[in-house]
*Asks:* 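Right, I'll just put the structure down here and ask away after.
Worth saying up front: this structure is predicted, and the values here are computed from it rather than measured. Lettering follows sequence order; numbering is per chain, from 1.
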Amino acid sequence: MNPPSPLYQRIYELARQVPAGRVTTYGRIGKLAGCPARTVGFAMAALPAGSSVPWQRVINRLGEISTRADGDGELVQRQLLKAEGVRFDVAGRVDLAKFGWDFPER
DNA sequence: TTGTTGACTCTGA
DNA sequence: CTCAGAGCCAACA
């Protein structure tokens, strides 16, 4: 019943628009989706495994990976991004100045 | 219906 | 950048 599908689907769609080797933040998607960053994170948390959504390319504003209670999930996401060509610094952070993706429209 | 929690972000110091 | 506080919306009990 009337689940927030439109909103979730919008978030997923935006996340899917992020090309490989690039990362975006929750706030960016949230703003384009019309909702705060928290909702975006919640949508990603509700995102089922095996979905065609590159949720790994979605990180926080600091360029750091934020995952839920999944201890190794963080390592997994980092490895996936690394496989796409994203580099991490010693602090495990991504250089948003180079890998940060900005949507073409606004 | 209210209250709490949550893969967050912004502003000010 | 870090610390602290406030704001925003959605899902769950």
Side-chain angles (χ1 to χ4, degrees):
Chain A
M1 44 25 334
N2 177 342
S5 314
L7 182 60
Y8 273 48
Q9 197 154 45
R10 206 166 307 157
I11 294 170
Y12 298 149
E13 197 69 16
L14 288 166
R16 204 176 293 174
Q17 288 176 28
V18 179
R22 290 282 183 283
V23 290
T24 187
T25 63
Y26 297 98
R28 202 85 64 164
I29 295 177
K31 191 154 194 174
L32 293 173
C35 350
R38 290 219 157 178
T39 308
V40 180
F42 214 72
M44 291 295 163
L47 190 63
S51 57
S52 305
V53 180
W55 57 272
Q56 40 213 59
R57 294 177 196 154
V58 184
I59 55 181
N60 63 19
R61 69 174 182 101
L62 298 178
E64 171 107 37
I65 299 174
S66 300
T67 61
R68 47 184 177 126
D70 214 340
D72 61 329
E74 184 176 322
L75 295 176
V76 172
Q77 182 170 4
R78 183 168 137 181
Q79 203 164 32
L80 287 166
L81 290 174
K82 189 177 180 193
E84 294 186 348
V86 179
R87 294 287 191 147
F88 287 81
D89 61 6
V90 293
R93 280 196 232 159
V94 184
D95 187 353
L96 294 175
K98 291 186 179 285
F99 298 103
W101 170 254
D102 190 4
F103 288 89
E105 306 176 66
R106 179 190 359 168

*Asks:* Specify the separation, in whole Å, of atom CD of A/Gln77 and atom C1' of B/dA7.
*Replies:*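 That distance rounds to 8 Å.
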*Asks:* Expressed as a whole number of angstroms, how long is the span from A/Leu81:CG to B/dA7:P?
*Replies:*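 Result: 19 Å.
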*Asks:* Return the set of residues passing side chain to side chain contact (heavy atoms under 4.5 Å, CB included) with A/Ala43 (not counting sequence neighbours), or none when no residue passes.
*Replies:*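 Testing A/Ala43 for side chain to side chain contact (heavy atoms under 4.5 Å, CB included), a comparison that skips the adjacent residues, returns A/Tyr8, A/Ile11, A/Tyr12.
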*Asks:* Could you check which residues of residues 15-27 of chain A get a heavy atom under 4.0 Å from DNA chain B? Sort them by number, please.
*Replies:*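 Those residues whose heavy atoms fall under 4.0 Å from DNA chain B, taken from residues 15-27 of chain A in numerical order, are A/Thr25, A/Tyr26, A/Gly27.
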*Asks:* Taking side chain to side chain contact (heavy atoms under 4.5 Å, CB included) as the definition, give me every residue that meets it alongside A/Arg28, ordered by chain and number, with sequence neighbours left out.
*Replies:*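 So A/Arg28 forms a side chain to side chain contact (heavy atoms under 4.5 Å, CB included) with A/Thr24, A/Thr25, A/Asp102, A/Phe103.
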*Asks:* What integer distance in Å separates A/Asn60:CG from B/dC10:P?
*Replies:*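 The distance from CG of A/Asn60 to P of B/dC10 comes to 11 Å, rounded to the nearest Å.
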*Asks:* Using the test salt bridge (charged side-chain N to carboxylate O under 4.0 Å, His left out), find all partners of A/Glu64 that sit at least two apart in sequence or belong to another chain.
*Replies:*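 Counting only residues at least two positions away or on another chain, A/Glu64 forms a salt bridge (charged side-chain N to carboxylate O under 4.0 Å, His left out) with A/Arg93.
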*Asks:* Can you pull out every salt bridge (Lys or Arg N to Asp or Glu O under 4.0 Å) where at least one residue sits in residues 10-27 of chain A? Sequence neighbours excluded, please.
*Replies:*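 Passing the test, one end in residues 10-27 of chain A: no pairs.
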*Asks:* Detail all sub-3.5 Å separations between protein N/O atoms and N/O atoms belonging to nucleotides 1-5 of chain C.
*Replies:*
unit_1, atom_1, unit_2, atom_2, d
C/dT2, OP1, A/Arg93, NH2, 3.2

*Asks:* CD of A/Gln56 to CD of A/Glu74: how many Å apart, nearest 0.5 Å?
*Replies:*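 A/Gln56 atom CD to A/Glu74 atom CD measures 13.5 Å (nearest 0.5 Å).
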*Asks:* Under 3.5 Å between N/O atoms: give me all the protein pairs with nucleotides 4-6 of chain B, atom names plus distance.
*Replies:*
unit_1, atom_1, unit_2, atom_2, d
B/dG6, N7, A/Arg38, NH1, 3.0

*Asks:* So do the side chains of A/Val23 and A/Val58 get within less than 4.5 Å of each other, counting heavy atoms only?
*Replies:*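 They are not in side-chain contact.
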*Asks:* Output the rounded distance in Å from CG (A/Leu96) to P (B/dT9).
*Replies:*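 Distance check: A/Leu96 CG to B/dT9 P gives 10 Å.
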*Asks:* Between B/dA7, B/dT9, C/dC9, which one does the side chain of A/Pro36 approach most closely?
*Replies:*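 It is C/dC9.
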*Asks:* Determine which pairs satisfy salt bridge (Lys or Arg N to Asp or Glu O under 4.0 Å) with at least one residue from residues 42-53 of chain A, sequence neighbours left out, and list them in order.
*Replies:*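 For residues 42-53 of chain A, and leaving out neighbouring residues, there are no salt bridge (Lys or Arg N to Asp or Glu O under 4.0 Å) pairs at all.
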*Asks:* According to side chain to side chain donor-acceptor pair (under 3.5 Å), who are the partners of A/Glu84, at least two apart in sequence or on a separate chain?
*Replies:*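 Applying side chain to side chain donor-acceptor pair (under 3.5 Å) to A/Glu84 gives A/Arg57.
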*Asks:* Run through the side-chain heavy atoms of Ile, Leu, Val, Met, Phe, Trp and Tyr, join any pair under 4.5 Å, and report what else lands in A/Val76's cluster.
*Replies:*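 A/Leu80, which link up through side-chain heavy atoms under 4.5 Å apart, make up the rest of the cluster.
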*Asks:* Suppose we screen for side chain to side chain contact (heavy atoms under 4.5 Å, CB included). Which residues come up paired with A/Pro48, at least two apart in sequence or across chains?
*Replies:*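 Scan of A/Pro48 (side chain to side chain contact (heavy atoms under 4.5 Å, CB included), adjacent residues dropped) gives A/Ser51.
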*Asks:* Give the rounded distance in Å between these two atoms: CD1 of A/Ile11 and P of C/dA10.
*Replies:*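 Going from CD1 in A/Ile11 over to P in C/dA10 covers 9 Å.
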*Asks:* Rounded to the nearest angstrom, tell me the gap between atom CE in A/Met44 and atom C1' in B/dT9.
*Replies:*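 Value for this atom pair: 16 Å.
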*Asks:* Identify, with sequence neighbours excluded, every residue that meets side chain to side chain contact (heavy atoms under 4.5 Å, CB included) alongside A/Arg87.
*Replies:*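 In terms of side chain to side chain contact (heavy atoms under 4.5 Å, CB included), with neighbours along the sequence ignored, A/Arg87 is linked to A/Phe99.
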